[in-house]
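What follows is a set of notes on a single structure, which appears directly below.
Index from 1, following the sequence.
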Amino acid sequence: MALDLDFVRSQFPAFSSPVLSSHAFFENAGGSYPCAQVVNRLTRFYTDRKVQPYAPYPGAQAGGAEMDEARTRLAAMMGVKREEVSFGPSTSANTYVLAQAVRQWLRGTDGAIVVTNQDHEANSGVWRRLADDGIEVREWALDPATGSLDPAALSKLLADGKVRLVCFPHCSNVVAEVNDVAAISALAAAAGARTVVDGVSYAPHGFPDIPALGCDVYLFSAYKTFGPHQGIMVLREAFGFELPGQAHFFNHGTLYKRHTPAGPDHAQVAACAGMADYIDALAAHHGVSGDPAARNRGVHDLMRAQEAAVIQPLLDYLSARNDLRLIGPRDAALRAPTVAVELAAAAEPVSEELGRRGIACWAGDFYAVRPLQALGIDLDKGVLRMSAVHYTSPDDVARLITALDAVL
């Protein structure tokens with residue numbers, strides 16, 4: 001069954017907003033529209049539950065229950081224990097805290113870590129700074145012609161058995177090629193290394209099946225997966241308790257608190273249950289059945305099929321032009337529908353002109369400074385980035401191509 005785009009778009013208030021609906025939206029990689037289920041839960045929390053949760057009176061009990069519901073349901077969707085799901089203010093903040101735990105874990109050992117130059121800075125800089133404590137940092141470098149990461153190059157970095165941690169993206173926010181997380185995680189595990197996956201640029205295209213991926217940590221951002229502004233970290237139990245705790249000492253026995261040094265944003269955590277509501281609504285509408293993990297896998301496949309079909313015409317159009325450089329694979333099935341191009345001149349004026357023509361997108365480096373440098377792209381020019389998700393329509397893409405034809 002194909003994704004019912006009319007049903008999908010009916011779940012998002014933005015498409016009936018007089019402010020937002022005038023433009024075809026291609027800035028999803030910067031932050032997706034929130035679904036109605038999340039908006040409704042957030043509104044209800046601020047209206048009826050905005051007190052200290054878990055206290056012995058009705059509003060507090062209801063607020064705590066909704067926070068618990070969010071963790072429980074998201075964990076079930078992703079196939080992990082509820083204790084393995086942590087919330088934080090952002091993925092950058094969650095990764096920073098995790099890196100401080102790894103700093104203590106590896107300090108004084110001969111253990112090394114591997115980072116890539118394909119990542120957003122959130123999953124790069126914090127790890128590289130561990131070198132200040134004498135921890136060896138090895139770079140798994142992308143191919144400067146294609147932007148791809150070669151697993152054979154990783155094998156060489158792992159060969160001496162000293163690597164304890166491999167940090168890499170599920171897909172880059174500018175290259176967009178989908179990395180084989182399961183194969184990379186297996187390769188790392190065979191060499192005695194843990195894996196940290198930045199899933200921020202992939203999760204909007206289908207929530208992860210963590211057991212199938214085989215990684216030890218998976219990080220993503222709820223505000224890019226149709227939810228509120230929260231960072232979500234899936235930290236597998238064995239690794240989470242092996243790492244030194246970063247929170248109040250008396251919380252170290254609870255995994256989802258162990259690496260969360262600040263109190264959570266109660267309302268936004270509770271609203272994250274709306275993302276599970278949305279996945280369940282899609283599953284029910286499209287006849288996808290089974291337990292929460294099975295429903296999630298089925299919806300993931302529907303989303304990815306829709307995105308590939310919708311974005312391929314844009315890739316074909318850009319590939320046929322000789323006045324720009326399309327970054328990443330030409331085949332939509334091999335990438336996320338996040339499409340970055342290098343232009344002959346600065347990209348931001350082009351995004352501004354597209355905005356005047358009814359296209360919402362942006363330009364710049366998108367905190368992907370290292371990948372763009374490795375690809376030989378002038379940071380002063382930046383790239384033009386057009387990013388879709390499953391609610392993007394063929395008409396949106398046609399409008400974008402028409403506008404590009406007029407502007408480029």
Side-chain angles (χ1 to χ4, degrees), residues 26-30 91-92 114-128 137-154 156-157 166-181 184 197-202 204-205 224 311-312 314-351 354 361-388 400 404 408:
F26 285 94
E27 178 53 7
N28 291 281
T91 292
S92 294
V114 170
V115 299
T116 84
N117 62 349
Q118 194 193 59
D119 275 280
H120 181 287
E121 189 63 13
N123 199 40
S124 186
V126 292
W127 304 115
R128 293 170 189 269
V137 178
R138 302 177 181 180
E139 184 177 80
W140 181 14
L142 59 77
D143 182 321
T146 64
S148 299
L149 291 171
D150 182 0
L154 175 61
K156 293 178 182 177
L157 296 173
V166 178
C167 308
F168 66 99
H170 200 156
C171 68
S172 161
N173 68 332
V174 289
V175 178
E177 181 175 10
V178 179
N179 294 316
D180 189 341
V181 173
I184 295 167
V197 178
D198 180 353
V200 170
S201 295
Y202 185 86
H205 314 295
K224 298 184 181 183
I311 212 66
Q312 189 63 58
L314 177 63
L315 297 173
D316 293 342
Y317 166 79
L318 295 170
S319 298
R321 296 189 68 112
N322 60 11
D323 57 348
L324 55 81
R325 175 188 180 188
L326 172 61
I327 301 171
R330 273 59 177 162
D331 183 348
L334 302 178
R335 63 180 295 151
T338 300
V339 183
V341 294
E342 179 188 14
L343 305 176
E348 188 148 11
V350 175
S351 70
L354 289 171
C361 67
W362 212 359
D365 62 45
F366 302 103
Y367 289 13
V369 170
R370 296 177 202 272
L372 295 183
Q373 288 176 324
L375 291 165
I377 293 171
D378 183 348
L379 295 178
D380 289 335
K381 289 168 41 181
V383 292
L384 178 69
R385 190 177 72 175
M386 301 149 285
S387 50
L400 173 59
L404 288 170
L408 295 179

L354 vs L384 side-chain heavy atoms within contact, under 4.5 Å: yes

Shortest non-hydrogen contact between I377 and G382, atoms and distance: CG2-O, 4.1 Å

Check: Q373 main-chain N/O paired with R370 side-chain donor or acceptor under 3.5 Å: no

Side-chain touch N117/S124, heavy atoms, less than 4.5 angstrom: no

pair V137-W127: side-chain heavy atoms closer than 4.5 Å: no

Closest non-hydrogen atom pair between L149 and P169, with its separation: CD1-CD, 4.3 Å

Taking every non-hydrogen atom, the tightest pair across L157 and R138: O-NH1, 2.6 Å

Donor-acceptor pair between Q118 and S172 side chains, under 3.5 angstrom: no

Whether H170 and Y202 hold their rings parallel, tilted or perpendicular, with breakpoints at 30° and 60°: parallel

D119 versus T116, side-chain donor and acceptor atoms under 3.5 Å: yes

Nearest atoms (heavy-atom pairs only) where A336 meets V178: N-CG2, 3.8 Å

K381 side chain vs L343 backbone, donor-acceptor pair below 3.5 Å: yes

Flag side-chain contact, heavy atom, 4.5 Å: L372 against V383: yes

R385 versus G30, closest heavy-atom pair with distance: NH2-N, 3.5 Å

Over all atoms of both residues, closest heavy-atom pair of A176 and T338: CB-O, 3.2 Å

Check: E348/W362 side-chain N/O donor and acceptor closer than 3.5 Å: yes

Backbone of A332 reached by a side-chain donor or acceptor of Q312 within 3.5 Å: yes

Between CG on residue N173 and OH on residue Y367, distance to nearest 0.5 Å: 11.5 Å

Backbone N/O of G328 and side chain of R330: donor-acceptor pair under 3.5 Å: yes

